[in-house]
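One structure below.
Every chain is numbered from 1 and lettered A, B, ... according to where its sequence line falls, protein lines coming before strand lines.
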Number of protein chains: 2
Amino acid sequence: MNRMTAARSPLSPAERPRLGLRERKKIKTREAIRTATYALIREQGYDATTVEQIAERAEVSPSTVFRYFPTKEDIVLTDEYDALIVEELRARPAGEPWMESMRHVMHKALEANAGEDPEVVRLRTQLTVQVPAVRSRMFESMSETGRLLRGALAEHYGLDPDALEVRVYAMSLIGGLMEVSMYWAENDFGGDLHDLMDRALTVMDRGLPRENR
Amino acid sequence: MNRMTAARSPLSPAERPRLGLRERKKIKTREAIRTATYALIREQGYDATTVEQIAERAEVSPSTVFRYFPTKEDIVLTDEYDALIVEELRARPAGEPWMESMRHVMHKALEANAGEDPEVVRLRTQLTVQVPAVRSRMFESMSETGRLLRGALAEHYGLDPDALEVRVYAMSLIGGLMEVSMYWAENDFGGDLHDLMDRALTVMDRGLPRENR
DNA sequence: CATGGAATGAGAGTAGCTCTCAAAATATGG
DNA sequence: CCATATTTTGAGAGCTACTCTCATTCCATG
């Protein structure tokens, strides 16, 4: 729960164990499970990979796998961007037009994304396109993101986060953004994600390119 | 499906077997499974209801249940609105602004919805809010709807259905519409769905109510 | 009424996931 | 450095959704 206790005290001279042995092991285990999973999926595909196999390769028991990840799908999906998004959004100047803020924030998120192993990012994205269970889980987490987003949005504009309009607006944004990643994967990860994102945001801001409406 | 066929003519002499006995039995079985499921869920909740119980009450074997519905979630989710939506959309005049068409079409869909048993509609919607598995399945089917929608949209405007902009626009619409149903359920099914839908479409068309942006 | 094809039931099997309990590892106080 | 408290782990039993196979029953058709 709180690792602060350990981090606070002197310790600076050696400063080696900023985290206790226990905590470090937990992180290692978590990563071992993840990498084992990615490797196995690359070798055999998602469905053919059982949790037992994952456990074996990660050198833990199946029980432990489920202790670290509630479901098999959760092993492949990271999703630590939500916090980042909200944080960055809050950091934007108050008067700034919403879509401008969104643009900045999404680019920040993409930069964070670029920090990860590209192979893994691609595999993960591909799985969200190909494997229904993974895609489902992703939708699920996107709808949580939607909730956060509408909170930020309401704050930004001083609106009620539970108002229909705010909710619809936020969720509609999420839907559009999700499609960007699908598009990217389905088109063999071609094109710059930053460009795609920009185009998507433009559409959602101003509607379809030209003509009618 | 359509129970109309059975209800319409009370066995007029000549045209008794418009459907063979086999077909009629299949329809009956399908409905028996559905009603058994709804009843059990109302009594015990979704998770507590097993497929075995459903089979027992519907007086079929568990195997048969899975022969009729690929997953437990599919038993509760109908979703035959997609076809209707696309069809109605195609029937709208060519020059009509897109959002206007959408408005008409969605209202048509709501009317069809009103034709169903309100109890069932509510239970189903409620499940999509409360039960993750059901919600997932619903997201899944919504993304299929998105695909249909972007086809219709592309046709309507003469655009490429696989273009990023079209895809994003369609999916963003879907996201917003989905949120309407969530909102409705979370607010105890209060308010007129037609109104809610109108407000949602307005937001997605013109952005948030007033001020900034 | 006989024959062919479809729907069903019975049963075995798999995999994801939960729960329990005892053993092992680690932190903490003396 | 040892004893004790706490946390983490492994082993295993158990449940349920879901798949597959095969024999049986049921309906259609000539």
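- When the salt bridge (charged side-chain N to carboxylate O under 4.0 Å, His left out) test is applied to A:Arg90, the partners found at least two apart in sequence or on another chain are A:Glu155.
- Between B:Glu140 and B:Arg135, no side-chain nitrogen of the basic residue sits less than 4.0 Å from a carboxylate oxygen of the acidic one, so the salt-bridge criterion is not met.
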Atom pairs, protein N/O to nucleotides 15-17 of chain C N/O, distance under 3.5 Å:
{"unit_1": "C:dG16", "atom_1": "OP1", "unit_2": "A:Lys72", "atom_2": "NZ", "d": "3.1"}
{"unit_1": "C:dG16", "atom_1": "OP2", "unit_2": "A:Val51", "atom_2": "N", "d": "3.3"}
{"unit_1": "C:dC17", "atom_1": "OP2", "unit_2": "A:Lys72", "atom_2": "N", "d": "2.7"}

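- Judged as a side chain to side chain donor-acceptor pair (under 3.5 Å), and not counting sequence neighbours, the contacts of A:His107 are A:His194, A:Asp198.
- Salt bridge annotation for B:Glu116-B:Arg122: absent, with no cationic side-chain nitrogen under 4.0 angstrom from a carboxylate oxygen.
- In the model, B:Thr125 has no side-chain atom that pairs as donor or acceptor with a side-chain atom of B:Ser181 under 3.5 Å.
- Applying the 4.0 Å criterion to OP1 and OP2 of C:dT26, one finds that A:Lys25 has a side-chain N or O inside that range.
- One atom, CZ of A:Arg67, and another, C1' of C:dT20, lie 11 Å apart when rounded to the nearest Å.
- Under the side chain to side chain donor-acceptor pair (under 3.5 Å) criterion, A:Arg137 pairs with A:Asp74, not counting sequence neighbours.
- Taking the charged nitrogens against the carboxylate oxygens, B:Glu23 and B:Lys28 have no contact shorter than 4.0 Å, which rules out a salt bridge.
- Side-chain N/O atoms of B:Tyr68 include none lying less than 4.0 angstrom from OP1 or OP2 on C:dA7.
- A salt bridge is absent between B:Glu119 and B:Arg124; no separation between the charged side-chain nitrogens and carboxylate oxygens falls under 4.0 Å.
- For B:Thr64, a side-chain nitrogen or oxygen approaches OP1 or OP2 of C:dG9 to under 4.0 Å.
- Within 4.0 Å (heavy atoms only), B:Phe69 reaches no atom of the nucleic acid at all.
- Rounded to an integer number of Å, the gap from NZ of B:Lys28 to C1' of C:dA7 is 16 Å.
- Nucleotides of DNA chain D with any atom under 4.0 Å from a heavy atom of chain B span, from 5' to 3', D:dT16 to D:dA28.
- Ion pairing between A:Glu43 and A:Arg57 holds under the 4.0 Å rule for side-chain N and carboxylate O.
- Per the geometry, CG belonging to A:Asp74 stands 16 Å off C1' belonging to C:dT18, to the nearest Å.
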Between the protein and nucleotides 27-30 of chain C, list every N/O to N/O distance that falls short of 3.5 Å.
{"unit_1": "C:dA27", "atom_1": "OP1", "unit_2": "A:Leu21", "atom_2": "N", "d": "2.8"}
{"unit_1": "C:dA27", "atom_1": "OP1", "unit_2": "A:Arg22", "atom_2": "N", "d": "2.7"}

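- Note: B:Phe139 and A:Phe139 have parallel aromatic rings, judged against thresholds of 30 and 60 degrees for the angle between ring planes.
- Side-chain contact annotation: A:Thr64 with A:Ser61, donor-acceptor N/O pair under 3.5 Å present.
- Across all strands, A:Ser63 comes closer than 4.0 Å to base atoms (heavy-atom distances).
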